[in-house]
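Okay, structure first, notes after.
The figures here come from the full heavy-atom set of this structure, side chains too, leaving out hydrogens, waters and symmetry mates.
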Amino acid sequence: MALSIKNLSINIGDREILCDQDVGIEDGAKVGIIGRNGVGKTTLLKAILGQIEYHGNIDFNGKAAYFSQHIDLDKTKTVREIISLGATIHHQNDFEKRIIEIEALLSRPDIYENHAKLNKLTEEYLELQSNLSKHQSNLPTNKIKSILSTLEVKEEWLDKNVGLLSTGQRAIIALAQILSSDAQLLLLDEPTNHLDFKRLDILENYLKHFKGTVLMVTHDRYFLDGVCNTILKMEKGKWIKYNGNYSAYVRMREETFKAQQSAYDLEQKYLFNEKDKIARIGKGKAKVKQGKYRETLLAKREAVEKPNLDKSKFKILIESKKIHTNNVLELTNLSVGYNTPLITDINIKIGVNEKVILTGENGIGKSTLLKTIEGRVKKLSGEIMLDKQAKVGYVDQELKDLKSNSTLYDEIFALVKDHGKTRQQLSIGGFIDDDDVKKQVSKLSLGEKSRLNLIKVLFEKPNLLLLDEPTNHLDLDACEIIEKAFLDYDGAILAVSHDKYFIQKIADRILEVNDGKIKQFQKKH
């Protein structure tokens with residue numbers, strides 16, 4: 001057994017994340033952890049690593065490595081320096097702490113006077129040192145080179161400071177650290193976010209053939225289908241384990257729901273008939289006694305719970321300011337970049353209702369193009385012509401426009417200046433309960449932050465949305481809700497995305513950045 005969890009309960013403040021849950025994960029399993037934003041998927045991974053308090057028992061074999069959705073690499077170091085550091089390896093035994101304790105004991109004179117105690121501590125010390133060396137990562141040079149080659153990390157990246165890399169490039173470097181370790185258990189939190197199509201395929205192939213065990217949180221439906229042989233669905237403080245990939249989970253989930261709904265309907269019909277019979281029983285002494293007996297039987301009957309698919313239920317309606325023109329945006333001979341151009345000779349027209357997706361490898365200027373159109377980065381040359389009625393809304397993949405020390409209410413009230421409208425706007429993103437509204441932004445999951453960020457942008461009723469990886473961090477239900485909202489949206493969209501489901505659903509045109517140029521578009525199939 002690669003991972004054994006028994007009687008696991010986790011509470012964050014007054015909020016129950018998990019209650020008395022058990023699961024066993026076999027060696028070599030590839031497990032997809034799914035559930036709504038904020039349900040506790042990241043919290044579960046951190047509990048396995050011992051980074052948060054919990055009740056119960058968690059045991060895993062060997063070494064574990066963790067990829068965090070918060071890509072926190074030292075931006076002052078070069079890529080070469082980061083790679084040479086290797087990944088942090090986690091193990092269940094706190095060898096270092098006990099070694100320090102024994103060293104302190106061995107320095108005491110009274111221990112030397114007790115030969116039996118001295119010998120016992122010395123034996124334990126040597127065994128701990130041996131175990132510690134086994135659990136430390138040995139940074140196998142050949143494996144590092146192989147992983148860098150597999151992930152197609154370019155030679156020119158290696159001597160760059162990490163701070164100069166794109167978000168996608170930093171994600172690739174963080175993955176390279178994890179995959180080049182000698183960990184047998186990989187805990188991956190949203191590893192597919194920010195990756196281009198090529199790296200998604202590479203990572204999928206690597207994980208499928210990885211001999212160890214993988215637990216990953218991801219919203220990427222294609223990736224879940226391609227890699228996972230087990231799905232762990234978290235909901236309402238519990239989880240359910242399903243065998244098979246995501247598509248198999250969906251089928252089983254729907255079949256189970258239908259069976260539960262049928263059982264519930266039959267029970268409701270039975271209860272109605274019994275209560276009707278009781279109501280029609282006469283008022284004679286014997287009849288009253290019979291009625292009370294029937295009522296007692298009904299009261300003792302085990303209730304059949306109404307089934308619930310535990311889906312996100314919020315609805316987003318994206319309003320846009322009316323615009324009377326054919327094209328909302330026209331780019332002519334535009335070049336974008338920083339000191340040197342990343343993309344040149346950009347000539348694009350975007351219609352008022354058109355949905356355009358921009359794809360291409362990590363680090364080649366897609367996000368820079370959106371920032372240049374929005375005005376956060378200066379153009380190098382060429383023209384950006386927005387219609388005079390254009391209202392631009394920009395959704396940043398790094399969520400930098402949120403204040404971590406604010407509450408959700410504060411963030412929206414600062415825009416609308418009205419209590420009722422603030423609550424109305426928050427409800428658009430599924431934030432309805434008082435507990436949700438009063439949460440600090442710093443306490444939100446990244447998926448919840450993404451929804452809050454989108455609410456802020458949509459309040460201005462933009463007729464041109466610039467979306468940088470808009471489905472990153474969102475749970476599967478939220479992705480589908482937002483995809484439908486974008487389809488119903490009357491304005492124009494220019495989006496950077498590598499989410500195949502999202503692209504397939506909304507794209508009228510797909511543009512590809514390659515070798516510093518935007519290539520001929522291909523029609524949506």
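The closest side-chain donor-acceptor pair between Asp220 and Thr218, if any, does not fall under 3.5 angstrom. Donor-acceptor pairing under 3.5 Å is lacking for the side chains of Gln440 and Ser404. Side chains of Asn453 and Ser450: a donor-acceptor N/O pair is absent below 3.5 angstrom, by distance only. A side-chain donor-acceptor contact under 3.5 Å links Glu398 and Thr167. Counting only N and O atoms by type, the side chains of Ser367 and Asp468 include a donor and acceptor under 3.5 Å apart. There is no side-chain donor-acceptor pair under 3.5 Å between Lys160 and Thr78.
With sequence neighbours left out, Ser381 forms a side-chain hydrogen bond (donor to acceptor under 3.5 Å, both in side chains) with Ser335. With sequence neighbours excluded, the residues satisfying salt bridge (Lys or Arg N to Asp or Glu O under 4.0 Å) with Lys484 are Asp488.
Ile506 is listed as a side-chain neighbour of Ile357, based on a closest heavy-atom distance under 4.5 Å. Contact of the Asp396 side chain with the Leu370 side chain is not registered, since no non-hydrogen atoms from C-beta on lie closer than 4.5 Å. You'll find the side chain of Leu232 reaches within 4.5 Å of the side chain of Val23, heavy atoms only. Side chains of Val214 and Leu187 form no contact here, defined as non-hydrogen atoms less than 4.5 Å apart. Annotation: side chain of Asn243 is not in contact with side chain of Asn229 (no heavy-atom distance under 4.5 Å).
In this structure a side-chain-to-backbone donor-acceptor pair under 3.5 Å is missing from Glu483 to Lys505. Formation of a donor-acceptor pair under 3.5 Å by the Thr325 side chain with backbone atoms of Val328 is not found in this model. One N or O on the side chain of Lys355 and one on the backbone of Tyr489 form a donor-acceptor pair closer than 3.5 Å. Of the possible donor and acceptor atoms, none in the side chain of Asn327 sits under 3.5 Å from a partner among the backbone N and O of Lys349.
Here the closest heavy-atom approach between residue Lys233 and residue Gly35 is recorded as CE-CA, 3.9 Å. Shortest non-hydrogen contact noted between Gly244 and Ile231 is O-CG1, 3.7 Å.
Between Lys366 and Glu361, no side-chain nitrogen of the basic residue sits less than 4.0 Å from a carboxylate oxygen of the acidic one, so the salt-bridge criterion is not met. Under a 4.0 Å N-O distance rule, the pair Lys208/Glu204 qualifies as a salt bridge. Salt bridge status for Lys154 with Glu156: absent, with no side-chain N to carboxylate O gap under 4.0 Å. Between Asp201 and Lys500 there is a salt bridge, since at least one side-chain N of the basic residue sits less than 4.0 Å from a carboxylate O of the acidic one. Note on Lys519 versus Glu512: no salt bridge recorded, every NZ/NE/NH1/NH2 to OD/OE distance being 4.0 Å or above.
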Please determine whether salt bridge (Lys or Arg N to Asp or Glu O under 4.0 Å) holds for the pair Glu448 and Lys439, giving the CA-CA distance in whole Å, both sets of side-chain angles, and the decisive distance to 0.1 Å.
CA-CA 11 Å; Glu448 291 170 316; Lys439 270 186 187 176; 3.5 Å; yes

Decide salt bridge (Lys or Arg N to Asp or Glu O under 4.0 Å) for Lys198 and Glu152; before the verdict, give the C-alpha distance in whole Å, the side-chain angles of both, and the deciding distance to 0.1 Å.
CA-CA 9 Å; Lys198 180 189 289 186; Glu152 298 191 16; 2.9 Å; yes

Run the salt bridge (Lys or Arg N to Asp or Glu O under 4.0 Å) check on Glu383 and Lys379 step by step: do they pass?
CA-CA 8 Å; Glu383 295 298 327; Lys379 67 183 181 182; 3.8 Å; yes

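Relative to the ring axis of Tyr501, Arg221 places its NZ or CZ within 45° and under 6.0 Å from the centre.
Remark: of the listed residues Arg36, Arg451, His219, Arg451 is the sole one forming a side chain to side chain contact (heavy atoms under 4.5 Å, CB included) with Leu474. Among His473, Gln69, Gln397, Glu469, the single residue meeting the side-chain hydrogen bond (donor to acceptor under 3.5 Å, both in side chains) criterion with Asn193 is His473.
Note: Tyr246 and Tyr249 meet the aromatic proximity criterion, with ring centroids under 6.0 Å apart.
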